[in-house]
Asks: 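Got a structure for you, written out below as structure tokens; questions coming shortly.
Lettering of chains follows the sequences in order, A, B, ..., and the numbering in each one begins at 1.
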Amino acid sequence: MIKPEVYIKDLEKFVDREVTIYGWIYNIRSSGKVRFLLVRDGTGIVQCVATPQSISPGKFEGSDKIPQESSIIVRGKVRKDSRAPYCGYEIELTDYNVVSYVEREYPIALKEHGIDFLMNHRHLWIRSYQQSIILRIRATIVKSIRDFFDSNGFILVDAPIFTPNACEGTSTLFETNYFDTKAYLTQSGQLYMEAAAMALGKVYCFGPTFRAEKSKTRRHLTEFWMVEPEMAYYDLEDDMEVAEGLVSYIIETVLLKHENELIVLGRNVDNLRKASKRPFYRIKYAEAVELLRKAGHDIKYGDDFGGDEETTLTKQFDKPVFVTHYPIEIKAFYMKRDPNDPSLALNMDLLAPEGYGEIIGGGQREDNLQILLESIKKHNLPQNVFEWYLDLRRYGSVPHSGFGLGVERTIAYICGLHHVRETIPFPRLMDRLNP
RNA sequence: UCCUCGGUAGCUCAAUGGUGGAGCAAGCGGCUGUUAACCGCAAGGUUGCAGGUUCGAGUCCUGCCCGGGGAGCCA
């Protein structure tokens, strides 16, 4: 057994005690007879101080010749020191063993690099301080999403990744061979969640989705993670309450566990704290169009919002804002019509503030068989592939609602990142499949 | 797919059509509290690829390849 017993994140509990840390060399600074070895172990970075008094002459001699990212086991006494970077504690080095010397120059220096270079070295880039913080926050966000649903009576239902039919043309679907036929990678688990909600009441799925869109923007990936709850006997208002509760809970959880790390990332945590307070804003599509026109956008009623419009819109709010009641024509076939104005859909998008834009899309689903049949016809969709979906309206149809939350966009917003490519360990983009 | 900017040392970037440089990293040396440490020495090049114009091309032109930013697309 070699497994570590103490990790850097827990050093505060070991002040004045001798510890062994298993990690890698992050950087070394030397001032002649005082040497500072920055060691990271995956939970943080600690400064180890070596002097001729603290360590044997032979070990001291080699202590400033260990290349960056060499793996190393260090031993020494923990002390609090205001001069210690990163964690505020340092280790007085009494011994160390290099597990593996790096023999080629480590490509990623603690300096500026271009995004192409970094993306080509993503497998190493994730070792860097900021990237490791983002991945830890991602893990917290994923857990907070699961906790929220699990503790609010939702049942986890896994949706399939292979799907049989191209509902709306194949241009945005990844096609794959499936024995002697074709299958497509899922774009959404929603229709399956509707079936599950009729079986289990409140359900959610959480997994990767795939879109073959040739989009080159800061908010698109070809492979991204989505959480999709679906609730029986929930209307649009109930749906927004769930969405609001979820997003608020995610932000509060991240603030609780990672406030200092958010500050390292340069995130304005006061803005975030303000944004987590319910209720969020609610405006109708028609009002949003008015706001945009006042802000100088050339948009007319009936147009969908582009990235620019979303950015302008959300810069005007200090909390997330629901935009509801879009024209039914620009929305998907399963959206329920507003009984008060059949030209509108009972749908909602949730836009994150500070220019981030859409993180949630959802709404109430059409539960009337006849209207749904007409809608499928109007959208030029083949009815036969939706027969199983139509069964949900034939056998005990009820009002129901749901939404999808894009995990990477949520992470980008909470961490204050410009581009979603840094929110996922190994991003898949239109022009990038490696590493 | 379109628009736009770019591709020069391992990395980040300079270089009026006229001898391709700097900082950092890597190498060597110095420094007893460094914070992307600092100081000194030495080293580092088929200027993305192929053609063209020119006495002369990193620089201008054409094509291709690769990337950034944006647009469109986007249940």
Asks: In whole angstroms, how far is the P atom of B/G33 from the CD1 atom of A/Ile28?
Replies: 18 Å
Asks: Please report the distance separating the C1' of B/G45 from the corresponding atom of B/A22, rounded so that it comes out in whole Å.
Replies: 14 Å
Asks: For the P atoms, the ones on B/G33 and on B/A15, what distance do you get once it is rounded to whole angstrom?
Replies: 41 Å
Asks: Assign A/Gln47 to base, sugar-phosphate, or nothing according to its heavy-atom contacts below 4.0 angstrom with the strands shown.
Replies: base
Asks: Is A/Tyr178 atom OH crowded by more than 12 heavy atoms from other residues, nucleotides or ligands, each under 6.0 Å away?
Replies: no
Asks: Please give the distance between the C1' atoms of B/A57 and B/U47 as a whole number of Å.
Replies: 11 Å
Asks: When the distance from CD of A/Glu92 to P of B/U34 is rounded to whole Å, what number comes out?
Replies: 17 Å
Asks: Tell me whether the side-chain N or O atoms of A/Thr172 pair up with the base of B/C73 as donor and acceptor below 3.5 Å, since no angle test is needed here.
Replies: no
Asks: Where the side chain of A/Ala332 is defined as all heavy atoms beyond and including C-beta, which of B/A75, B/U34, B/C73 is the nearest nucleotide?
Replies: B/A75
Asks: What's A/His121 touching, base or sugar-phosphate or nothing? Going by heavy atoms closer than 4.0 Å.
Replies: nothing
Asks: Please report, rounded to the nearest Å, how far the P atom of B/G70 is from the NE2 atom of A/His419.
Replies: 7 Å
Asks: Quick one: A/Gln53 CD to B/G33 P, roughly how many Å, whole number?
Replies: 12 Å
Asks: With rounding to the closest Å, how many angstrom separate the C1' atoms on B/C2 and B/G10?
Replies: 35 Å
Asks: Can you confirm whether A/Glu103 is buried at CD, in the sense that more than 12 heavy atoms of other residues, nucleotides or ligands lie under 6.0 Å from that atom?
Replies: no
Asks: Expressed as a whole number of angstroms, how long is the span from A/Asp81:CG to B/U34:C1'?
Replies: 11 Å
Asks: Please tell me which of A/Arg218 and A/Thr51 maps to the more 5' nucleotide of RNA chain B, matching each residue to the nucleotide holding its nearest heavy atom.
Replies: A/Thr51
Asks: Nearest-Å distance, CG (A/Asn27) to P (B/C38)?
Replies: 10 Å
Asks: With heavy atoms under 4.0 Å as the rule, sort A/Glu228 into base, sugar-phosphate or nothing.
Replies: nothing
Asks: What orientation do A/Trp388 and A/Tyr192 show, parallel under 30°, tilted 30 to 60°, or perpendicular over 60°?
Replies: parallel
Asks: Indicate the ring-plane relationship of A/Phe333 and A/His379, choosing parallel, tilted or perpendicular according to the 30° and 60° boundaries.
Replies: perpendicular
Asks: Got a minute to check which stems RNA chain B is part of, using Watson-Crick or G-U wobble pairs under 3.5 Å, three or more consecutive?
Replies: B:1-7 with B:65-71, B:10-13 with B:21-24, B:27-30 with B:38-41, B:48-52 with B:60-64
Asks: Across the strands shown, which category fits A/Asp304 at heavy-atom distances under 4.0 angstrom: base, sugar-phosphate, nothing?
Replies: nothing
Asks: Output the rounded distance in Å from CD (A/Glu310) to P (B/A71).
Replies: 11 Å
Asks: Find every protein N or O atom lying less than 3.5 Å from an N or O atom of nucleotides 10-13 of chain B, and list the pairs.
Replies:
residue : atom : partner  : partner atom : Å
B/C11   : O2'  : A/Glu112 : O            : 3.2
B/C11   : O2'  : A/His113 : ND1          : 2.7
B/U12   : OP1  : A/Gly114 : N            : 2.9

Asks: So, using side-chain contact (heavy atoms from CB on, under 4.5 Å) as the criterion, who are the partners of A/Glu241 when residues are at least two apart?
Replies: none
Asks: For A/Asp298, does the CG atom sit with more than 12 other heavy atoms under 6.0 Å from it, leaving out its own atoms?
Replies: no
Asks: Can you tell me how far the OH atom of A/Tyr204 sits from the CG atom of A/Leu405, to the nearest 0.5 Å?
Replies: 13.0 Å
Asks: Hey, do the aromatic rings of A/Trp24 and A/Tyr106 have their centres closer than 6.0 Å?
Replies: no
Asks: Expressed as a whole number of Å, how far does the C1' atom of B/G48 sit from that of B/U34?
Replies: 41 Å
Asks: Can you pull every protein N or O that's under 3.5 Å from an N or O on nucleotides 2-9 of chain B?
Replies:
none

Asks: Out of the candidates A/Asn97, A/Ile66, A/Ile21, only one should pair with A/Ile72 under the side chain to side chain contact (heavy atoms under 4.5 Å, CB included) rule; please name it.
Replies: A/Ile66
Asks: By nearest nucleotide on RNA chain B, pick out whichever of A/Gly189 and A/Glu90 is the more 5' one.
Replies: A/Glu90
Asks: Look for any protein N or O under 3.5 Å of an N or O in nucleotides 42-49 of chain B and output each such pair with its distance, or none.
Replies:
none

Asks: Using the six-membered ring wherever Trp is involved, compare the ring planes of A/Phe317 and A/Tyr281 and label them parallel, tilted or perpendicular (cut-offs 30° and 60°).
Replies: tilted
Asks: Please classify the nucleic acid contact of A/Arg83 as base, sugar-phosphate, or nothing, using heavy-atom distances under 4.0 Å.
Replies: base
Asks: OP1, OP2 of B/A71 versus side-chain N and O of A/His220: anything below 4.0 Å?
Replies: no
Asks: Suppose you measure atom P in B/C24 against the same atom in B/G20; what distance do you get, rounded to whole Å?
Replies: 24 Å
Asks: Taking CZ from A/Arg409 and P from B/C74, how many angstroms apart are they, rounded to a whole number?
Replies: 13 Å
Asks: Whether the A/Arg75 and A/Thr20 side chains hold a donor-acceptor pair (N or O, under 3.5 Å, no angle test) is what I'd like checked.
Replies: yes
Asks: For B/G21 and B/A43, measure between their P atoms and round to the nearest Å.
Replies: 14 Å
Asks: For RNA chain B, find the residues of residues 420-435 of chain A with a heavy-atom distance under 4.0 Å and give them by number; none if there aren't any.
Replies: A/Arg421, A/Met430, A/Asp431, A/Arg432
Asks: Using 4.0 Å as the upper bound for N to carboxylate O, is an ion pair formed by A/Glu12 and A/Lys80?
Replies: no
